[in-house]
Amino acid sequence: MAGYDNTAQLLVNAIAALLTHPEQLRLLCDDPDRLDITRRLQDGTEGHIGFGHGIHYCVGAALFRLQSEIALTSLLARHPGLRLADGPESLCRTAIPGAAPRLPRLRVRV
């Protein structure tokens with residue numbers, strides 16, 4: 001799987017996670033002029049293998065990270081008061097066999 005759908009789902013999930021965990025949003029935005037999505041865990045690891053590993057590493061990973069960084073940086077800079085329109089309980093993920101659960105929609109207020 002690759003392309004637009006993955007980027008869109010990453011953005012929806014990232015925004016939902018950041019808006020329901022404001023302490024993480026603060027950590028992410030230590031320097032308001034720089035969003036660092038390459039930040040490592042305290043033990044120095046990346047903490048996931050979402051782009052595969054070794055010869056199976058995704059050739060589009062760099063583009064995906066760049067798109068995500070630009071989109072999140074722009075969104076948070078333009079709308080610093082971004083918040084969920086409804087409470088966190090409204091975040092209802094849809095299960096899809098063989099794929100990560102998806103948020104079919106994310107209602108926010110700017």
Item to check | Partners passing salt bridge (Lys or Arg N to Asp or Glu O under 4.0 Å) against Arg83 (at least two apart in sequence or in another chain) | outcome: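 Per chain and number, Arg83 pairs via salt bridge (Lys or Arg N to Asp or Glu O under 4.0 Å) with no residue.
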
Next on the checklist: Strictly by side chain to side chain donor-acceptor pair (under 3.5 Å), give each pair with a member in residues 10-21 just once, sequence neighbours left out.
Outcome noted: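 Pairs touching residues 10-21 that pass the test: none.
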
Checklist entry - Shortest non-hydrogen contact from Leu106 to Ala16? => result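 Residues Leu106 and Ala16, closest heavy atoms: CD2-N, 3.9 Å.
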
Checklist entry - Closest heavy-atom contact between Val110 and Leu82? => result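 Taking Val110 first and Leu82 second, the nearest heavy atoms are CG1-CD1, 3.6 Å.
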
Next on the checklist: Check for me, please, whether Val108 and Leu11 land in the same ILVMFWY cluster - side-chain distances under 4.5 Å, paths through other members count.
Outcome noted: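 Val108 clusters together with Leu11.
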
Next on the checklist: Would the distance check show the side chain of Ser90 and the main-chain N or O of Gly87 forming a donor-acceptor pair, the cut-off being under 3.5 Å?
Outcome noted: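 Side chain of Ser90 to backbone of Gly87, a donor-acceptor pair under 3.5 Å: yes, one is there.
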
Drop me the distance from [X]'s [atom1] to [Y]'s [atom2], to the nearest 0.5 angstrom.
{"X": "Leu84", "Y": "Glu89", "atom1": "CG", "atom2": "CD", "answer": "9.0 Å"}
{"X": "Ser68", "Y": "Leu63", "atom1": "OG", "atom2": "CG", "answer": "9.0 Å"}
{"X": "Arg65", "Y": "Leu10", "atom1": "CZ", "atom2": "CG", "answer": "10.5 Å"}

Next on the checklist: Within the structure provided, determine whether Ile15 and Leu72 are in side-chain contact (heavy-atom separation under 4.5 Å).
Outcome noted: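 A side-chain contact under 4.5 Å exists here.
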
